[in-house]
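Letters go in sequence order (proteins before strands), and every chain restarts at 1. Small disclaimer: the values here were computed from a predicted structure and weren't measured. Below, each value reflects all heavy atoms present in this structure, side chains not excepted, and no hydrogens, waters or symmetry copies.
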Amino acid sequence: MAKPKIGIYGLTGCGGDQLMILNLENELLDLLRNVEIVAFQEASSVQQDEEVDIAFVEGSVSTELDLERLKDVRKRSRMLIAIGDCAIGGCVQAMRNQEMTMKEKMEEVYGKGEEYFKVLEPYGLSKYVNVDLELQGCPIETTEIRQVFLSLLHGDTPEIKDYPVCVECKLNEYQCLLVDKGMPCLGPIIAAGCNARCPGLGIDCVGCRGPIMNETNAAEELHTLLEKGYDERYIENRLRFFGANFEGILKLSKMLREKTGGARGK
Amino acid sequence: MTSESLDAFVNNLETYGKIYGPVKTGESCSFQEISQSKEMALNYSRTMIPPKKFFLKLKERMFIFDERECEYEETLEDGKIVVFGIHPCDIYALKLMDKIYLDKNPDKYYQMRRENATLIGYSCHPDEYCFCQSQGTNYAVDGFDLFLHELKDKFLVRIGSEKGNKIASENSKFFMDVESSDIQEFREAEGKREKEFTLKLAINGLTDMLALSYESDVWKEYADKCFGCGSCNLVCPTCRCYDVVDNVNMDLKSGERQRMLNSCMLKKHGLVYGGKNFRPTRVERLRNRFNCKGSLREDMMNCVGCGRCTVYCPSKIDYVEVLRRVRGEL
Amino acid sequence: MMENVFLPKLAKIVKNEKMTAMEHFLRLQLLDKKTAEEFQYNLGQFIEISIMGVGEAPFSICSMQNQKYLLDLCIRSGGRVTSAILRLGEGSLVGVRGPYGNGFPLKEMEGSNLLLVAGGLGVAPLRSILQYSLKNRAKYRDITFFYGIRTYDTMLFRDEFNSLLAGGDESGCKFYLSYEDPKDEQCLLLEAEYSDRCMSGVVSKLFERTEISPKDTYAIICGPSIMYKFVGQELTKRDVPPERILISLERRMRCGIGKCGNCIIGDGSSIRYVCKDGPVFTYWDALHTKGMI
Ligand SMILES: Cc1cc2nc3c(=O)[nH]c(=O)nc-3n(C[C@H](O)[C@H](O)[C@H](O)COP(=O)(O)OP(=O)(O)OC[C@H]3O[C@@H](n4cnc5c(N)ncnc54)[C@H](O)[C@@H]3O)c2cc1C
Ligand code: SF4
Ligand code: SF4
Ligand code: SF4
Ligand code: SF4
Ligand code: FES
């Protein structure tokens, strides 16, 4: 059997997810024996624009160029896997989506009257192309990418965790920070896969893996944290930090904006 | 047994296996390995994870396989344990688990661990979340090897099995005969304890109430509050649902099959071929959970009134409150 | 040594044949002779097939018990395990556990008419009953088979059913076929040839074509979950008592023996495990267990 061809590409993002693939180190070498890597942005400058079996794409679509490249990669790949929150929901970059226009944002950062490169409001890949699989995380977990690689090489569709961090807390018997200590943990609405790393260290979940697709009860998270005495704006920001483009959180933000009549601090 | 002998008795239990007892971990409690009785917080109300974890592990490897050898090889670790300080509700819960896991197709993993374990019960006092009295699980009649009832300066010890009897006779130096004054004291303590229960749930006819309320709006109302986080099931001493995954090693030929506890509050629990889900939203999932817990499947109440699901629900969904709503009491 | 029920037994694939775009016919032979001989199953029971590194899934056995200890299955691909099975060639090994579940009450049905109603892949367990009842023809009265397909391309066991159509009542079974795509050419051709036995529409429409005598008929339904409601209603309308209408359910299963709880259904007064209390239930059960159909 011919070795599957793999391409790893980056759009607008920090490159952290590609780095996590490099972090596989020794294992990476073993894995590489089984595949042919035709493009790997972070690891080498060689880019071959040929057909690939599996394309891993990191980063959000934030410029016209990103979009062009994404469409090109989609055309050339049998399977397209979005890696990292940026490629899924826009991640941190999308924190202010739909709050201000892109022009306002650029002006705020670069000053008025500057010439900007062609920017788009940051979104994940699935807004534009068909995505076969999404690996959440900011960055993705090495254990997860390892499992996905192994699954694919074995010939199977990888199983992605579609349940909240709380499950992993319980399976590890970690104390519940939200219930026991009243900490503003986002675990109940955030996709597992990190093996509840932060709660295990006594740190409340900030939601770096992003909310669970179509299952997020953001309104209840707000309600729960309000009851614990946290400030509404603080909670909203916390929710939007990694999840601003996710349906449940978008809806919540919209509701809150309407409630306050659009008046919002920056 | 006198209160002073407890330390020495617990030390002696080492003969029967590794000793586990309730230990304070932060604000919660957990059954952990101990070497001395003073490490235990014996006045604990409940551990977050119930003692079922000793028998149906939170996650465990079931067996390993190798495609080259075409072989499945079981991986069972063996070892005797003593679980010290189990409360009556958890003892009842294990009785239910036994009915399921030790039926005509016994689960070898569970069975082995169960046979290797000595259960030592310990009396407790209810807090505002306990409603075992309503469920009829506040006094363990059997299902333990020994049961220690704490009295003023001594313990009244009940023997619940042959294994318990053996331990008692091998440690006879710690035990004294029961005097009639002890019985009087025990009776008074139990009577006092019965009155300590504040939380009550009427369970007569509950099974039918649940069936009749299948289409009730109550489910939707609580589903709106629910995260679908599964905590309620994962901390429940009678929830036994688990999921299974295969993990392959780097050689792509060998690997393991693993199982871990599952929850019917999660999306995958009802998912079948073609993405069809028999419980697509939290409404159906929550309803399923309460119907399952409120049933008499295996001829006993599937909820033992331990209060864990209420305490550990991040959204503060109160088990008793929901069922009272279902009954139309609230 | 205590037996570990979760440890699969090895079986060899002796046949793996494409039947339609989605479905494969799989024939397995248990490697260990003693295991094979002890492997006695009731029709309607299922087995768990394991593929190393991929997982495990339940499948109905679709043929009657035979002397050669072969297990026939009909597998629709698409998921992890099912796609992996597809990849495996003849001679490959898989793991098998079972047989599990209750199966159909064949003894109890003796002396009655049988009405088998299959939709799509639901034909798999019903085929085993058809085989059995035709082989033991004297034990049963009229045997009627309704098979609903979407298009001719998706029809399973085509040769077998075509010969039932061609054989008419001589074949020992009154076979009726319904197809959902009214423009399907091959189905139209079949209809032209056997107009009394083949029509377009959903499977419950076939009731228009035949009389059933409610007093002494057992109806057995297997197909997608929505089918149970419709066919159940048709049968009740015709006075077939609900306890003589049998259905076979599908749910997520991880263990097959009442442990993993994934297949739990029902309400407070009736919690059922599909794997150990079923997969065969009566329509009466369905009417008294919420969420069953
Ligand atoms: C008693 C019984 C008898 C059966 N008999 C047969 C038979 O004879 N023939 C047959 O072909 N089948 C039969 N089935 C069905 C068969 O068991 C399933 O097709 C099989 O379990 C699929 O397993 P899999 O590993 O291939 O799919 P999996 O990969 O486990 O996926 C299961 C299903 O869940 C869906 N899924 C998984 N993850 C997600 C997700 N994140 N989001 C959305 N959807 C998801 C998939 O669409 C898939 O269909 C039977 C089932 C039962 C219970
Ligand atoms: S600590 Fe956070 S993630 Fe863990 S169980 Fe509690 S709420 Fe869930
Ligand atoms: S349902 Fe709740 S109260 Fe009842 S046994 Fe389970 S965790 Fe305890
Ligand atoms: S309540 Fe849910 S998780 Fe618990 S045993 Fe029942 S089905 Fe399983
Ligand atoms: S613990 Fe509470 S929020 Fe989580 S699934 Fe259970 S009821 Fe819902
Ligand atoms: S499949 Fe495990 S309990 Fe039914």
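For a heavy-atom cut-off of 4.5 Å, chain C lies close to B/Thr207, B/Asp208, B/Leu210, B/Ala211, B/Tyr214 in residues 206-216 of chain B.
Residues B/Cys236 and B/Cys309 are not in side-chain contact: their nearest non-hydrogen atoms beyond the backbone lie 4.5 Å or more apart. Residues C/Lys259 and C/Tyr273 have side chains not in contact (no heavy-atom distance under 4.5 Å, counting atoms from C-beta outward).
Between chain C and the options B/Gly294, B/Cys292, B/Ser295, heavy-atom pairs under 4.5 Å are most frequent for B/Ser295. Interface summary for chain B: among C/Ser270, C/Ser77, C/Gly79, the most heavy-atom pairs under 4.5 angstrom belong to C/Ser77. By number of non-hydrogen pairs under 4.5 angstrom with chain C, the leading residue of B/Tyr109, B/Phe65, B/Tyr72 is B/Tyr72.
Taking the centre and axis of the six-membered ring of C/Phe157, the NZ or CZ atom of C/Arg127 falls inside the cone set by 45° and 6.0 Å. Judged by a 6.0 Å distance limit and a 45° cone about the ring axis, B/Lys276 is positioned over the six-membered ring of B/Phe278.
Ring centers of B/Phe131 and B/Tyr319: under 6.0 Å apart, within the cut-off.
Heavy-atom distances place no part of B/Glu256 under 4.5 Å from chain C, backbone and side chain included.
Evaluation of the side-chain hydrogen bond (donor to acceptor under 3.5 Å, both in side chains) test over residues 260-270 of chain B, restricted to residues two or more places apart or in two chains, returns B/Asn233-B/Ser263, B/Asp243-B/Lys268, B/Asn262-C/Asn262, B/His269-B/Arg279.
No donor-acceptor pair closer than 3.5 Å links the side chain of B/Tyr242 to the backbone N or O of C/Gly261.
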